[in-house]
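As structure tokens, the structure follows; a few thoughts come after it.
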Amino acid sequence: GEIAENLNKLYDFCMLELVKANARNETERIDNVIDIISTILDGFKNALKEKKMKLFFVTGTDTGVGKTYFTVEIIKYLKKLGKKAVGFKPVETGCSPECEDAKLLSEVSGVELKPVYSFDIPIAPAVASEFEKNYVSHTKIIEAVRKLEGDYIFVEGAGGIMVPLRWDYLFLDLAKDLNAKIIVVSLNKLGVINHTLLTIKVCESAGLEVSLVVLNTPRSFDESSKTNAFALKKLIDIPVIELISEEDLRDIVKVLERA
């Protein structure tokens with residue numbers, strides 16, 4: 001609404017003032033501007049907390065691991081249970097001729113949810129924004145998430161948790177600002193143990209709660225595919241579910257209900 005728009009404008013103004021203050025080495029002014037920015041973000045966070053919904057940030061151990069596949073399948077299953085579930089990809093690259101992931105999420109959610117930022121080039125958002133001169137304001141993303149309605153909201157990242165939206169702002173920072181719980185989607189192949197543990201370590205070091213690890217099994221199996229779930233369950237105290245059947249979706253919902 002109008003209040004959110006004014007907050008976005010104030011945020012953009014503050015960021016410009018911060019750059020100027022840094023250039024002039026005005027320490028006191030820098031501290032004052034940072035305080036104002038923190039207050040703006042706290043306002044958005046509090047608005048999200050007041051809404052009665054479960055908010056999850058879906059990240060991956062890499063790009064192409066099946067985040068959108070998982071999100072589409074879990075939304076379908078939740079709808080069968082009579083729940084209102086929505087999937088939203090606020091930033092998508094490779095949107096030429098269209099944003100395919102956002103389109104799939106919109107179709108399964110039953111509402112058109114275009115990315116707040118879309119880029120034609122299939123590269124990291126911070127890089128794409130440099131080429132396309134369309135710079136990301138995370139307050140606009142947070143406000144878009146705040147407007148979503150549903151029992152379950154799934155906000156999907158692009159690639160992994162350390163992918164930059166700007167040079168000073170990662171998807172990790174967005175997940176923190178959204179106060180979302182994390183779902184890590186991993187591809188069940190050789191190397192997934194290391195990739196999954198690294199992703200969890202980064203999230204937990206930032207104070208984020210990882211609620212679930214989902215293993216997507218590729219069509220071409222390797223020997224590790226048979227044992228990766230077993231190994232991860234031995235290594236972490238977080239539910240690990242290999243997504244193969246509808247029964248697995250039922251188990252995933254049980255985890256999400258407890259989160």
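Sequential numbering from 1 along the given sequence is applied to the chain's residues.
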(request) Starting at CG of L215, measure out to CD1 of I241 and round the result to the nearest 0.5 Å. (result) 10.0 Å
(message) With a 4.0 Å cut-off on N to O distance, would you call K89 and E92 a salt bridge?
(response) no
(message) For the CD atom of E130 and the CD1 atom of I123, what is their distance to the nearest 0.5 Å?
(response) 10.0 Å
(request) Report the C-alpha separation of K103 and E100 in whole Å, then their side-chain angles, then the decisive distance to 0.1 Å, and conclude whether the salt bridge (charged side-chain N to carboxylate O under 4.0 Å, His left out) test is met. (result) CA-CA 5 Å; K103 182 181 178 183; E100 294 180 1; over 6 Å; no
(request) Measure the spacing between CG of L148 and CZ of F88 and express it to the nearest 0.5 Å. (result) 6.0 Å
(message) Hydrophobic clustering (ILVMFWY, side-chain heavy atoms < 4.5 Å, transitive) - are I161 and I141 grouped together?
(response) yes
(message) Between K140 and E143, does any NZ, NE, NH1 or NH2 come within less than 4.0 Å of an OD or OE carboxylate oxygen?
(response) no
(message) With heavy-atom distances below 4.5 Å as the criterion, would you say the side chains of V86 and Y152 are in contact?
(response) no
(request) Would you indicate whether the side-chain heavy atoms of V214 and I183 approach each other to under 4.5 Å? (result) yes
(message) Out of the candidates K189, K226, E242, only one should pair with T217 under the side-chain hydrogen bond (donor to acceptor under 3.5 Å, both in side chains) rule; please name it.
(response) E242
(message) Taking the basic N atoms (NZ, or NE/NH1/NH2) and the acidic carboxylate oxygens, is any pair closer than 4.0 Å for K114 and E98?
(response) no
(message) Can you tell me how far apart CZ (R250) and CG (L81) are? Round to the nearest 0.5 Å.
(response) 11.0 Å
(message) Is there a side-chain contact between F154 and L78 in this structure, where contact means two heavy atoms from C-beta onward sitting under 4.5 Å apart?
(response) yes
(request) Classify the side-chain pair D177/Y169 by whether it contains a donor and acceptor separated by less than 3.5 Å. (result) yes
(message) Could you check whether atom OH of Y135 has more than 12 heavy atoms from other residues, nucleotides or ligands sitting under 6.0 Å from it?
(response) yes
(request) Enter the distance from F171:CZ to L178:CG here, rounded to the nearest 0.5 Å. (result) 10.5 Å
(message) If we ignore hydrogens and angles and just use 3.5 Å, is the side chain of K79 paired with the main-chain N or O of V108 as donor and acceptor?
(response) yes
(request) May I ask you to decide whether E149 forms a salt bridge with K84, counting only side-chain N to carboxylate O separations under 4.0 Å? (result) no
(message) What's the separation between atom OG in S186 and atom CD1 in I200, rounded to the nearest 0.5 Å?
(response) 7.0 Å
